[in-house]
Amino acid sequence: MTDRLLNPDYIFESSWEVCNKVGGIYTVLSTRAKTLQEAHPDKVIFIGPSLWKREDGNYTKEESPYFKEDGTLFADWQWEAKESGLNVRVGRWTVPGEPIAILVDFMPFFEKKNEIYGWLWEKYQVDSLHAYGDYDEASMFSYAAALVVESFYKHYLNESQKVIYHANEWMCGLGALYINNKLPQIGTIFTTHATSIGRSIAGNMKPLYDYLFAYNGDQMAGELNMQSKHSIEKQTAWHVDCFTTVSDITAKECVELLDKPVDVILPNGFDNSFVPKAAQFTKKRKAARKRLLDVANALLGEQLDDDTLIISTSGRYEFRNKGIDVFVEAMNRLLREKDLKKKVVAFIEVPGWVGEPRKDLQERLASGKQYDTPLEVPQVTHWLHNMSHDNVLGMLKYYDMHNRKDEQVKVIFLPCYLDGKDGIVNMTYYDIVLGNDLCIYPSYYEPWGYTPLEAVAFKVPCITTDLAGFGLWANSVFGHNGEIEDGVKVIHRTDYNYSEVADNIKDTVAEFSGFTKKQVEDCRKKAEALSKKALWSEFIKFYEEAYDIALRKAKDRFTI
């Protein structure tokens, strides 16, 4: 069948997270880049925002640490683009595969905003009247990205080439509609990684799944003040050549909330080239464990040794959606669990409104000494701007979880990006994650779930739920609901079984604490084996199918 698929000559892919590390979409695109680049060398062009920050009233460029500019790439076009008012920077995204990236300055288009929104309403009935927050910024970037493709296409390409424009999330919808209208010979793909209205329903503490069949997306958008984002997302889904999402669970949302079935599901794969091998892995794992235990001991005034069970949760700070609330609940119940065989230190690695690293903790870590008294507030590594209103700290306080000496379970909030420069851990997330014994991601709303996939790639068994796309996928691979012995425990989660989920996590951690060395090793091997089935080399075929669908529709449209 593959021989018959139409193969694109050029692929343009736009996202707010190109060379801009914000969340999971950055991981999707940056890890897929190598596989795409190998299949289409330098014919894959990513388009991202050239971000600016205000200093002394002026806009100045904020360098992306993930972008390397190259003035020689498409030099004649770069000059022409600038002449026509497109301020672009062309270079390479510094991720495996080093694909070409174009960053575009979208600020100049704000003065045409009303005109652009007027065109959008007239052509596609997109309601931008209720826009607020990041809607304008995303839309102006999306418009600028489409102009980049239009300009590049007119300079270098023609109808004889098969060209794809792939837009990610509602934030790039406007650009996809612009290409659809102005360059009908280009095949368009739109991927919603999570429907804006589904995420909003879940985030507003409303039951999403039991009532999904009864929700009207347009009505809920009005109720939750999401009209503009929902409108651009829905119209883009309806008008592109190929509408896609990342999992079966989100595909159901699309049918019910956008009234549009997806054409293809594009599961999120992984590139494991940066997972260290053999001796290097063992060395890095030891270093990660030592660092985590050093931080815990300095903060708590303890002498926790390497036999301590190190567990963590991580991701965006969506307290309910990511299951951070149920993680804390489970740790609270674990405090009284008689079957727990080891001491546990549980890290919540979720970026909050972080102020600064704690000086008292830095001093203890620098001294290299052992301490037998805890620091004040021994639950947090960095001071927050909103200590009294933080959800994690509030829940720990509510349950009177103060990491006391006699308690077997200690919970530590690490409220910053682990970029290697946080002032306390000073190691990157990927250098730290492999130090865990167990990772827990009890998501309520999770279209895919990169964190569990990353964990198993680093041989760390994990617990997730069947409300995460990854959890559902893991169950389908196992042929049954995943158990911890499989490397991934997949807990059944519904709108209303929060308490059961917390108990299930508590019981699984207690069970795992009693595993023999051989059982743990088997578990780790199975976790790694599962991750190999989710490599991009396994999943890229779904993208090839999406490209084929979009190119055929564009061809039919253009030859009519």
Smallest separation among heavy atoms of [X] and [Y], with atom names:
X: P49; Y: S15; value: CD-O, 3.8 Å
X: L304; Y: A296; value: CD1-CB, 4.3 Å
X: V275; Y: A457; value: CG1-O, 3.6 Å
X: V328; Y: I348; value: CG2-CD1, 3.8 Å
X: E446; Y: S443; value: OE1-OG, 3.1 Å
X: G323; Y: P442; value: O-CG, 3.3 Å

- Note on the structure: When rounded to the nearest 0.5 Å, the distance separating OG1 of T494 from CD of E500 is 7.0 Å
- Straight-line distance of N403 CG to L300 CG, nearest 0.5 Å: 5.0 Å
Do the side chains of [X] and [Y] get close enough for a salt bridge, i.e. N-O under 4.0 angstrom?
X: D437; Y: R289; result: yes
X: E337; Y: K506; result: yes
X: D306; Y: K290; result: no
X: R404; Y: D406; result: no
X: E329; Y: R333; result: yes
X: K206; Y: E223; result: yes
X: R199; Y: E318; result: yes
X: E13; Y: R32; result: yes

Which class fits the ring pair [X] and [Y]: parallel under 30°, tilted 30 to 60°, perpendicular over 60°?
X: F274; Y: F270; result: perpendicular
X: W473; Y: W448; result: tilted
X: H385; Y: W353; result: tilted

Can you find a pair of side-chain heavy atoms, one from [X] and one from [Y], that are under 4.5 Å apart?
X: V344; Y: T308; answer: no
X: R291; Y: L365; answer: yes
X: W536; Y: V28; answer: yes
X: F458; Y: P276; answer: yes
X: V18; Y: L29; answer: yes
X: F67; Y: R89; answer: yes
X: V380; Y: M387; answer: yes
X: L393; Y: K397; answer: no

- Take R493 and D466 through the salt bridge (charged side-chain N to carboxylate O under 4.0 Å, His left out) test and state the conclusion after the steps. CA-CA 6 Å; R493 187 157 189 198; D466 59 4; over 6 Å; no
Please confirm whether [X] and [Y] have ring centers closer than 6.0 angstrom.
X: F512; Y: F515; result: yes
X: F413; Y: F347; result: no
X: F141; Y: W16; result: yes

- Message: Is it the case that the side chains of Y444 and D495 hold a donor-acceptor pair, with the cut-off being a distance below 3.5 Å and no angle test?
- Response: yes
- Count the heavy atoms of every other residue, nucleotide or ligand shown that sit under 6.0 Å from OH of Y398, and state whether that count exceeds 12. no
- Task: Apply the test ring-ring contact (aromatic ring centres under 6.0 Å, His included) to residues Y209 and Y215: give CA-CA distance (whole Å), side-chain angles for both, the deciding distance (0.1 Å), then the verdict.
- Result: CA-CA 10 Å; Y209 302 100; Y215 281 125; 10.0 Å; no
- Note on the structure: From the list K343, K405, Q370, K410, side-chain hydrogen bond (donor to acceptor under 3.5 Å, both in side chains) partner of E302 resolves to K410
